[in-house]
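Residue numbers start from 1 in every chain, and the chains themselves are labelled A, B, ... in the order their sequence lines are given, proteins ahead of strands. Any value given below was found using the heavy atoms of this structure, including those in side chains, with hydrogens, waters and symmetry copies removed.
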2 protein chains.
Amino acid sequence: MRTEELRYMGNGTMSLLREKILDVASDLFQTRGINSTGVDTIVAVAGTTKMTLYKYFRSKEDLILEVLHKGHADFSTWLNQKLNKNTKKPSERLQKLFDFIEEWVTAPDFRGMAFLKASAEFPNEENPVHRLSAEHSKQFKQFLTELAVDAGAKDADSLALQLSILIEGAIQAEQMKRGSGAVKYAKKAAKILIENALEK
Amino acid sequence: MRTEELRYMGNGTMSLLREKILDVASDLFQTRGINSTGVDTIVAVAGTTKMTLYKYFRSKEDLILEVLHKGHADFSTWLNQKLNKNTKKPSERLQKLFDFIEEWVTAPDFRGMAFLKASAEFPNEENPVHRLSAEHSKQFKQFLTELAVDAGAKDADSLALQLSILIEGAIQAEQMKRGSGAVKYAKKAAKILIENALEK
DNA sequence: TTACGTATATACTAATCTGTATATAAAAAT
DNA sequence: ATTTTTATATACAGATTAGTATATACGTAA
């Protein structure tokens, strides 16, 4: 029973305090920046102490990595559910994707795309935070490639990369200036590119 | 003679040490991040002392703002010269633009787009560094709009915003992983969008 | 020489940073 | 009832941060 619980928590699940720290850190990292947010601030806002934080996370870098991981997992889950529930035809899913991205970006609690900001704060490609960010970006590209293949695109890799550029560019624009409406224009551009790639 | 020289240096020109500090800071900010780079490191690499740095810049924030300003001015000047020397027809300039962006990005001393990284490190829209970054992004968009108007695009604003999303997205991708070739794909996408917008 | 402007060297303040040590309170499990 | 676990409170170490104070050296211009 004891060992089971330990294993359980080691997996990253369970423990309300641990979840609270992750949520608070995620919010502070996004709104104030990662390097500008100290662990003292995190524990103060989370209503706990440093001892507890360092019981759940070996270091601040570990905490950053877990925040990134959770953010990416949550986003992926949300997006997949949206796609699976609302669209059946593979040819429509690429288009619909941009509707959901827009919904995500225009939500009042949108704080930006975590791995985009993180990679900018840790520019060195050897840095673990940068590497994880690049990995997330790569996974998102692969996800788009699958959608493009299923839709029957001529050059799925090419289309997927173009769409990822559009999406990350639009989100970057929205991080720079909230309410920019960039996703709306990215959607228009995507429509043209998708139609172009689906012509036989 | 004295007052003239003071005014001259106040304008930001002259003084080799000042230039050296700006160059070193620019490089360190891009390669290590802004918040991760202390003024002690900057003066050590530049081969001077803090007293000198604070004689030319009131604060680190002032230095950051000047680095951003110089980076944007240098890029704008370079791009304008390239466009003016190599392309005469307004209808071809939008296409050519992507060739120059690719040339800029694939150069061995490319370190990223300063205002993209800066806005990520200072996410708060009230922050002076973020505001200047947003201003540079806005100016770049306006520059694209002028090119789109001259080219005779149907909806110049829309096309300009789409192209800015493509460019900033591709540069973001290249910052994430050097040699990604993102600009090449952005160029293909741009060609389609431009042709689409130039149809009568 | 004298005076002045530029830059260096060095030491300092005061705050902040990550991470740890220690002692204790509270609660849950045996 | 007693052990074990979980979390708190607090203080600390050691490094680093931005920015300043002071004294000095160097070159140039009067």
Side-chain angles (χ1 to χ4, degrees), chain A residues 1-25 28-29 32-67 118 121-122 124 127-129, chain B residues 1-25 28-29 32-67 118 121-122 124 127-129:
Chain A
M1 173 67 171
R2 187 92 298 276
T3 58
E4 274 181 63
E5 193 181 341
L6 273 174
R7 178 142 42 85
Y8 195 46
M9 309 215 316
N11 280 343
T13 334
M14 198 57 161
S15 177
L16 290 176
L17 262 175
R18 198 189 140 93
E19 297 288 298
K20 179 74 179 174
I21 291 171
L22 276 174
D23 283 349
V24 166
L28 290 176
F29 287 164
R32 305 186 188 185
I34 298 174
N35 282 316
S36 301
T37 302
V39 289
D40 293 285
T41 308
I42 295 170
V43 296
V45 174
T48 180
T49 63
K50 269 199 285 193
M51 286 311 299
T52 304
L53 186 148
Y54 281 102
K55 195 161 275 178
Y56 288 118
F57 308 95
R58 287 187 199 169
S59 62
K60 187 187 176 183
E61 185 175 89
D62 251 49
L63 173 59
I64 298 169
L65 293 172
E66 290 235 36
V67 165
E121 282 209 64
F122 301 88
N124 189 336
N127 181 282
V129 177
Chain B
M1 174 66 173
R2 185 93 294 280
T3 56
E4 275 180 64
E5 193 180 340
L6 274 174
R7 177 142 42 85
Y8 194 46
M9 308 214 317
N11 280 345
T13 333
M14 196 56 162
S15 177
L16 290 175
L17 263 174
R18 197 187 140 94
E19 296 288 297
K20 180 75 179 172
I21 291 171
L22 276 174
D23 284 349
V24 167
L28 291 175
F29 287 164
R32 307 186 187 183
I34 299 174
N35 282 316
S36 301
T37 302
V39 289
D40 292 286
T41 307
I42 295 170
V43 296
V45 175
T48 182
T49 64
K50 271 200 282 193
M51 285 312 299
T52 305
L53 187 149
Y54 281 101
K55 195 160 276 177
Y56 288 118
F57 308 95
R58 287 186 199 169
S59 62
K60 187 187 177 184
E61 186 174 88
D62 252 49
L63 174 59
I64 298 169
L65 293 172
E66 290 234 36
V67 165
E121 284 209 61
F122 301 88
N124 188 337
N127 181 284
V129 177

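- Side-chain proximity of A:Leu17 to the nucleotides D:dA7, C:dG19, C:dA7 is greatest for D:dA7.
- With sequence neighbours excluded, the residues that form a side chain to side chain donor-acceptor pair (under 3.5 Å) with B:Ser36 are A:Asn35.
- Looking at the side chain of B:Lys55, the nearest of the listed nucleotides C:dA7, C:dG19, D:dT8 is C:dA7.
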Sort me out a list of protein N/O and nucleotides 10-13 of chain C N/O pairs below 3.5 Å, or just none if empty.
none

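- Protein atom NZ of B:Lys60 is 8 Å distant from nucleotide atom C1' of D:dT17, rounded to whole Å.
- At whole-Å resolution of the value, CG in A:Leu53 and C1' in C:dA21 are 17 Å apart.
- Taking only side-chain nitrogens and oxygens, A:Thr52 comes nearer than 4.0 Å to OP1 or OP2 of D:dT8.
- If you measure from atom CD of B:Glu61 to atom C1' of D:dG19, you get 14 Å, rounded to the nearest angstrom.
- With sequence neighbours excluded, the residues forming a salt bridge (charged side-chain N to carboxylate O under 4.0 Å, His left out) with A:Asp23 are A:Lys70, listed by chain and number.
- The minimum heavy-atom distance linking B:Leu65 with B:Val129 is given by the pair CD2-CA, 3.9 Å.
- A salt bridge is defined here as a Lys NZ or Arg NE, NH1 or NH2 lying under 4.0 Å from an Asp or Glu carboxylate O, and A:Glu66 with A:Arg18 meets this definition.
- Considering NZ of B:Lys60 and OG1 of B:Thr37, their distance stands at 6.5 Å, rounded to 0.5 Å.
- Nearest nucleotide to the A:Tyr54 side chain, out of D:dG19, C:dT18, C:dT8: C:dT18.
- Distance, A:Lys20 NZ to D:dT8 P: 12 Å, rounded to whole Å.
- Distance, A:Asp40 CG to D:dA9 C1': 14 Å, rounded to whole Å.
- Listed by chain and residue number, nothing satisfies the side chain to side chain donor-acceptor pair (under 3.5 Å) test with A:Lys20 (two or more places apart in sequence, or in another chain).
- Remark: B:Asp40 engages B:Lys50 in a side chain to side chain donor-acceptor pair (under 3.5 Å) (not counting sequence neighbours).
- A sub-4.0 Å separation between OP1 or OP2 of D:dA7 and a side-chain N or O of A:Tyr56 is present.
- Comparing A:Arg58 and A:Thr41 along DNA chain C, the residue whose closest nucleotide (by nearest heavy atom) sits nearer the 5' end is A:Thr41.
- What separates CZ of A:Arg18 from C1' of D:dA7 is a distance of 16 Å, to the nearest Å.
- When the P atom of C:dT18 is taken as reference, atom CG of A:Asp62 falls 14 Å away, rounded to whole Å.
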